[in-house]
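Heavy atoms only: backbone and side chains are in, while hydrogens, waters and symmetry mates are out. All ligand and atom numbering here is 1-based and tracks the order in the structure. We're numbering straight along the sequence, starting at 1.
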Amino acid sequence: MKLISIVIPAYNEEKNIPLLYQKITEIFDMLKNNYAYEIIFVNDGSLDSTINELEKLSQENESVKYIDFSRNFGKEIATSAGINHCSGDACILIDADLQHPIELIPQFIQKWEQGYEVIVGVRKKSKSDSWIKKIGSGLFYKIMDNIAEVKIVSGSTDFRLIDRKVIDEFNRFTETKRLTRGLIDWLGFKKDYIYFEANDRINGVASYSFRKLVSLAITSFTSLSLFPLKLAGYFGILITFLSSIIGFYILLGKYFFDWHFASTFSDAENLAIFIVFLVGIILMSIGLLALYIANIQREVINRPLYVIRNKKV
Ligand code: UDP
Ligand code: MG
């Protein structure tokens with residue numbers, strides 16, 4: 001009998017947890033001939049009585065386990081802790097707010113049985129999304145697509161199943177600023193997608209404020225891409241290039257060939273162009289420094305050098 005771990009980060013979800021628990025147990029009741037389950041809740045420093053709900057459930061049902069954080073560490077860390085502590089042959093990550101349709105769990109398991117190692121829930125665009133969220137997420141995936149080291153399908157969520165091999169590899173990550181789904185994508189492995197429509201949140205409010213989402217986007221850009229770091233350098237190359245062309249044009253035109261337009265530039269303007277040229281050089285130097293910092297960052301986050309699926313040595 002295979003064991004499926006369900007990992008659920010929860011921040012102020014006292015009202016959702018009983019509902020969620022009921023839905024999950026109903027699903028596994030149907031699957032009970034083939035699969036055992038454990039539910040690992042991670043209470044991420046909730047301010048309400050989430051922890052009491054968890055305590056109650058865990059006394060009722062020994063398949064319910066929980067990790068109780070000392071304070072709010074954020075969803076990404078909470079999910080990671082759940083993955084670190086799960087003992088299943090596969091683990092499914094689900095939000096506590098019932099936005100991820102629990103009914104799809106059998107489909108995730110089915111794909112897993114077909115041999116896929118990472119099954120990603122992809123959220124179909126929903127009409128109720130605010131325009132700012134639509135534009136924001138569109139922009140995010142556009143940028144990620146261009147600068148990230150790994151391919152990320154637009155709308156991929158944390159709602160996903162990962163195989164034990166992926167879990168073991170995931171547990172080797174040491175970085176603290178992390179985007180869990182980004183790291184899972186980084187690991188590779190055989191992937192498939194399940195498309196779903198997100199339900200509306202039934203109780204409570206989404207705690208991912210706009211500010212948090214922006215900061216998450218920046219974390220993803222900087223942890224999965226070195227492009228932002230190199231930006232100053234690219235900018236410097238551009239400025240130096242343009243200003244030296246203009247500078248040369250004026251130098252030749254004004255002092256050697258008497259070109260009319262070149263001669264109209266005043267000394268102050270020449271000086272301005274010269275200063276811009278120097279700024280370009282400075283930015284390029286910063287870009288160069290950034291390359292060294294990038295190397296340091298790569299070493300410091302101490303990612304595994306490679307990821308192995310199977311071994312026979
Ligand atoms: N969550 C968490 N810690 C936080 C914020 C959220 O563990 O600091 C959990 C939350 O309980 C839920 C999931 O992460 O299970 C998704 O959160 P939310 O619904 O606020 O985000 P959104 O649906 O907007 O992505
Ligand atoms: Mg939500």
Side-chain angles (χ1 to χ4, degrees), residues 5-24 39-54 57 64-86 91-102 104-105 120-138 140-141 144 152-161 176-184 196-220:
S5 305
I6 309 279
V7 167
I8 305 170
Y11 176 61
N12 298 344
E13 306 278 9
E14 57 180 4
K15 293 223 179 68
N16 291 320
I17 282 171
L19 273 164
L20 182 70
Y21 168 74
Q22 193 197 337
K23 286 197 171 195
I24 294 176
I39 308 179
I40 301 182
F41 285 102
V42 184
N43 177 30
D44 186 14
S46 298
L47 303 170
D48 63 2
S49 63
T50 296
I51 188 62
N52 300 340
E53 295 295 328
L54 297 181
L57 291 179
V64 176
K65 297 158 189 178
Y66 65 80
I67 297 165
D68 188 24
F69 277 177
S70 60
R71 64 171 170 86
N72 180 256
F73 282 88
K75 179 186 179 183
E76 307 304 320
I77 309 283
T79 344
S80 298
I83 298 175
N84 292 158
H85 287 83
C86 79
C91 133
I92 302 180
L93 310 175
I94 300 182
D95 278 2
D97 58 3
L98 296 159
Q99 289 193 294
H100 296 159
I102 310 293
L104 291 180
I105 288 179
V120 183
V122 181
R123 189 166 173 269
K124 288 190 209 144
K125 302 240 163 8
S126 130
K127 277 171 240 106
S128 65
D129 282 357
S130 66
W131 60 272
I132 188 137
K133 199 160 181 181
K134 272 185 200 155
I135 296 178
S137 88
F140 173 77
Y141 284 108
M144 274 312 254
I152 294 173
V153 169
S154 162
S156 335
T157 60
D158 279 320
F159 186 25
R160 45 180 74 195
L161 179 151
T176 49
K177 274 226 161 221
R178 52 171 63 195
L179 180 73
T180 306
R181 56 178 180 276
L183 292 181
I184 295 173
F196 73 93
E197 217 146 319
N199 304 320
D200 284 335
R201 204 175 227 285
I202 304 179
N203 294 304
V205 286
S207 38
Y208 265 111
S209 60
F210 185 68
R211 197 174 53 83
K212 267 197 190 168
L213 282 176
V214 170
S215 121
L216 194 65
I218 292 174
T219 304
S220 343

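- Remark: D44 engages N72 in a side-chain hydrogen bond (donor to acceptor under 3.5 Å, both in side chains) (not counting sequence neighbours).
- Any N or O atom pair closer than 3.5 Å counts here, and A96 shares at least one such pair with ligand 1.
- A heavy-atom distance below 4.5 Å is found between the side chains of I83 and T180.
- Side-chain contact between F41 and P9 is absent, with no heavy-atom pair separated by less than 4.5 Å.
- Nearest heavy-atom pair across I105 and I6 is CD1-CD1, 4.1 Å.
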TODO: Begin from the C-alpha positions of D95 and K75 and carry the test salt bridge (charged side-chain N to carboxylate O under 4.0 Å, His left out) through to its verdict.
DONE: CA-CA 9 Å; D95 278 2; K75 179 186 179 183; 2.8 Å; yes
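- Only the side chain of E13 comes within 4.0 Å of ligand 1, judged by heavy-atom distances.
- At a heavy-atom cutoff of 4.0 Å, ligand 1 is contacted by the side chain of N72 but not by its backbone.
- Contacts between D44 and ligand 1, counted as non-hydrogen atom pairs separated by less than 4.0 Å, involve the side chain only.
- With respect to the Mg ion (ligand 2), D97 has OD2 as its nearest N, O or S atom.
- The atoms of ligand 1 that sit less than 4.0 Å from any heavy atom of G74 are 3 (N), 8 (O).
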